[in-house]
Amino acid sequence: MVSGFRIQLTPDPPPTGTSLAGHLSTSPCGAGKLHSKTLKTLRPAVTIDLKKLTRELRQTVCAEARPFHERTVLAAESFRRTEREPFRILRVAQATAHILANMPVRIRPGEMLVGWHPSTELDEPRQKAVKEAGDYLRSQNYWVSASEGHMSPDYESILKCGLGGISRRIDELAAGLDAVDPTVPEKRAFYEAARTSLEALQNFIRRYANLAREGAAGAEDEGWKLELLETAQVCEHVATQSPRSLREAVQLTWFVFLSVCIEAGASHHCFGPGRMDQYLYPYFRRDEELGVLDDDRLECLVDQFFMKCNEFDGPSMSALIVVLGGRRPDGGDAVNELSFKLLEAAGRVGMYFPGIDISWHRAMDPEFVRRAVRLLRDGKGQPAFFNSDVIVKGLMRHGIPFEHAVDHLPSTCTETSIMGRTNPWVAWPYVNIPLCLLYALFDGRHPIQGTQDRPSTGLPASYAALRDAFMGQMQHAARQAVAKGLHDQLLASWYRPFPLLSCFIQDCLGRGTDISHGGALYNFLQPEAVGISNVVDGLAAVKTLVEDQHRFSLDDFRHALRADFEGHEDLRRAVLRDCPKYGNDTNWVNRLFAEVAGGWCSAVEGHQNRHGGPVFPGFLGWTVWIGFGRETPATPDGRKAGTPLANSLAPCNGVALRGTPAMMLSASGLDHSRGLGGITFNMRFAAAALASEEGVDRLKALIEASFDLGIYQVQVNVVSAEVLRQAQQRPQEFADLFVRIGGYLVPFTLLPADAQNEVIARTELEL
């Protein structure tokens, strides 16, 4: 019988040696190399049914996934002990060490990839303890507005150097500090915090080595016993040295990923594994050449990684991303055998996390693109597609070299980061652009409340005056957004350092500076414009009905908006029926869209964030367009008060479109490489659209044609409105129905009713 087990006590000090030491040779980073004969001896002679146990692990993860709320209690315990410590970063490092030393560890039946993200069931006593701990930490400013997560560590360097190599680098850099350098006290504290945090991670990994040995000693099943002994050897090795096999590489990747999430909070905080098919590929090739990892074990290893990405929380409104494809630093196609295997695993596992994003480029393997499109058949929204050529172009415009730019990631939804080199500060703050148009119409006053919230720009009487006033209001809103971001970056630098994460982001160690203080090689700030399409359609309506046709005046619009169109149905009818709409490839409306969207970009570009890096304009809505809609009065595009705004750069809901090509042509007037803060393009097709290979090829061609036009991103829902309505009526039967909204997957049944209706209202396109 194979059984799982767990312990919660801090283990004894770890052993100093390893049974494999005689087979190692050390590289400059401390990378160990292992002969094929030794690797083969690690494989148990007696095997267990790993595939069966992996399927059972999936069920366990689904049943148990929830946040690790007890982490808050552990963090508070440590913070209470360190109140006299003057360096905030040392308090945070000691808290992380306390958490990693005391959090429960567990190995479940059949787990060949270990490292459990604990789940907390909040009974009444625990709720009270967590609340008290949270209140204390808030009093200590432990939580402030900070861009936690939304990035991937530098896994490639971590795997090459190993944790021991990183530890040695910290010691060398600390020893080389110049005593008369005025920044030395802060740098010395940073290196001490980094060392404390990294040692805590190494000891945490050794806890799993000890736990596996303990489990092996008591195991009745010989196959499971041998599996646990191998797990112990793997953990003992990667605690200090670089991996020698794919299993060790995946295990170290998981431990690093898990630990930076634990440092940040009770869930995954939108950290991600990043470009797994790139940094793991050398280990895959090595094992393939040596013949030490068969297909079944590879399948179980990858499947378990994907399954364990769901341990942090149940299905929720968040994202955790794996990126496949893209280009290599030399410009060649990065698609490889592992890319295909990871894509297959996503379809096979079929869980909420991780989201799969395809980094497309013009020279990409067409068969890989075809298989990625085919995966959309299951209706679960995987994968999304990103135009790498456009994103790289935008990054290079900001001085980022090509060989770094190709490592771009959609940090959560569609915002841009660079794997292992960036503090991206994504999607903050959001700006309600339709409100800017309303303030332009009402001289800076709120149309309902009458308060003078924005600068006075006059009471326009013509379309031209309204357009100019709107541009002024939008520029003001952009400046306020950047100012808000700068303020929050300052607070994060005071209160929210990440010394463990800083060990894994270039070049925090080299600069002796925490990521929250600007230590990353690249630092971004990415405010988002929400509701651009509402503004375009509203301005188009004013131009058509006021300037061109003289049917209504701007005073008519003002009266109608204040009344939410009650008693002004003729005006609303004219707006909805008689005016051209963005998304139908009308030339002058296309130019208007490019002017409005480009105006937002121009208002944001040129500013610097607190750490000297660029500010990237974006058009990501996440789910904010729904919340903003609830608080926004009626708008000139005919939208009624309280209803959702338009999502990213997609046309407004309810617009009768002339087809997908017209929609994409309408958007292509803007240079999408300017929108590095993120752009989302949702498309919804009938469930049968991909039933045949012909349908797959048509959608592939449509996506690639969109990218040839310069579109930033495309994401597809293959689900009918009828199925979505059934899910509204019987949510318990549709728990695994996922849809794409703000750039990532969300469970449809968890969306509020107005968000569900927004998805249903999207035009169902044809291929």
Side-chain angles (χ1 to χ4, degrees), residues 433-435 437-438 440-442 447 460-464 466-467 470 531-597 625-626 628-629 632-667 669 682-684 721 754 757-766:
I433 301 300
L435 265 183
L437 181 58
L438 290 176
L441 266 168
F442 290 90
S462 67
Y463 166 73
L466 174 62
R467 185 185 59 194
F470 162 73
I532 288 287
S533 303
N534 300 101
V535 171
V536 174
D537 284 1
L539 287 173
V542 170
K543 182 179 184 303
T544 300
L545 299 177
V546 176
E547 180 174 285
D548 296 344
Q549 299 179 2
H550 306 291
R551 292 169 60 184
F552 298 92
S553 68
L554 278 178
D555 279 339
D556 292 329
F557 270 89
R558 280 186 273 266
H559 294 317
L561 297 177
R562 282 184 174 136
D564 197 21
F565 291 106
E566 294 296 326
H568 301 271
E569 288 78 9
D570 56 338
L571 173 55
R572 185 166 188 256
R573 190 179 305 111
V575 168
L576 296 178
R577 295 183 182 181
D578 303 340
C579 298
K581 303 290 188 295
Y582 163 70
N584 281 320
D585 194 26
T586 303
N587 286 335
W588 73 267
V589 178
N590 293 354
R591 291 194 297 272
L592 178 60
F593 161 76
E595 180 183 0
V596 172
W625 83 93
I626 299 167
F628 274 4
T632 303
T635 44
D637 60 319
R639 176 195 146 275
K640 300 204 74 174
T643 58
L645 304 179
N647 181 13
S648 193
L649 296 187
C652 295
N653 281 334
V655 171
L657 296 176
R658 295 173 184 166
T660 308
M663 179 175 70
M664 294 304 178
L665 285 166
S666 296
N682 289 296
M683 294 192 292
R684 183 165 72 82
D754 51 359
N757 292 333
E758 189 273 339
V759 174
I760 294 172
R762 292 176 189 166
T763 302
E764 191 169 287
L765 302 168
E766 296 182 358

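Throughout, residue positions are numbered sequentially from 1 according to the sequence presented. In this text the structure is predicted, and so the values were computed from the model without any measurement.
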Minimum heavy-atom distance between [X] and [Y], given as atom pair plus value:
X	Y	value
P447	F442	CB-CE1, 3.5 Å
T544	P580	OG1-CD, 3.5 Å
G583	L657	O-CD2, 3.7 Å
A646	S533	CB-CB, 3.6 Å
L571	A560	CD2-CB, 3.6 Å
R551	A574	NH2-CB, 3.5 Å

Intermediate values then yes/no, side-chain contact (heavy atoms from CB on, under 4.5 Å), M683 and M664: CA-CA 11 Å; M683 294 192 292; M664 294 304 178; 3.8 Å; yes

From [X] [atom1] over to [Y] [atom2], what is the distance, rounded to the nearest 0.5 angstrom?
X	Y	atom1	atom2	answer
D578	L545	CG	CG	7.0 Å
N653	N757	CG	CG	10.0 Å
K581	L576	NZ	CG	6.0 Å
R658	S666	CZ	OG	8.5 Å
R684	T660	CZ	OG1	12.0 Å
D556	L561	CG	CG	10.5 Å

What I'd like to find out is whether the side chain of [X] reaches to under 4.5 Å of the side chain of [Y], using heavy atoms alone.
X	Y	value
W625	N647	yes
L554	L441	yes
N534	P434	yes
K543	D548	yes
L592	Y582	no
P460	R558	yes
E566	K640	yes
V589	N584	no

Parallel, tilted or perpendicular: rings of F557 and F552 (30°, 60°):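 Judged by the thresholds at 30° and 60°, the geometry between F552 and F557 is perpendicular.
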
Side-chain donor/acceptor of R639 to backbone N/O of G629, under 3.5 Å: yes

Heavy-atom donor-acceptor pair, E595 side chain to F593 backbone, under 3.5 Å: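 No; zero donor-acceptor contacts below 3.5 Å.
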
Pair D637, T635: side-chain N/O donor-acceptor within cut-off below 3.5 Å: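 There is such a pair between these side chains.
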
Partner of P636 by side chain to side chain contact (heavy atoms under 4.5 Å, CB included), out of L437, V575, L539: L437

Pair R573-D570, salt bridge (Lys or Arg N to Asp or Glu O under 4.0 Å): steps then yes or no: CA-CA 5 Å; R573 190 179 305 111; D570 56 338; over 6 Å; no

Residues which pass ring-ring contact (aromatic ring centres under 6.0 Å, His included) with F470, listed by chain and number, not counting sequence neighbours: none

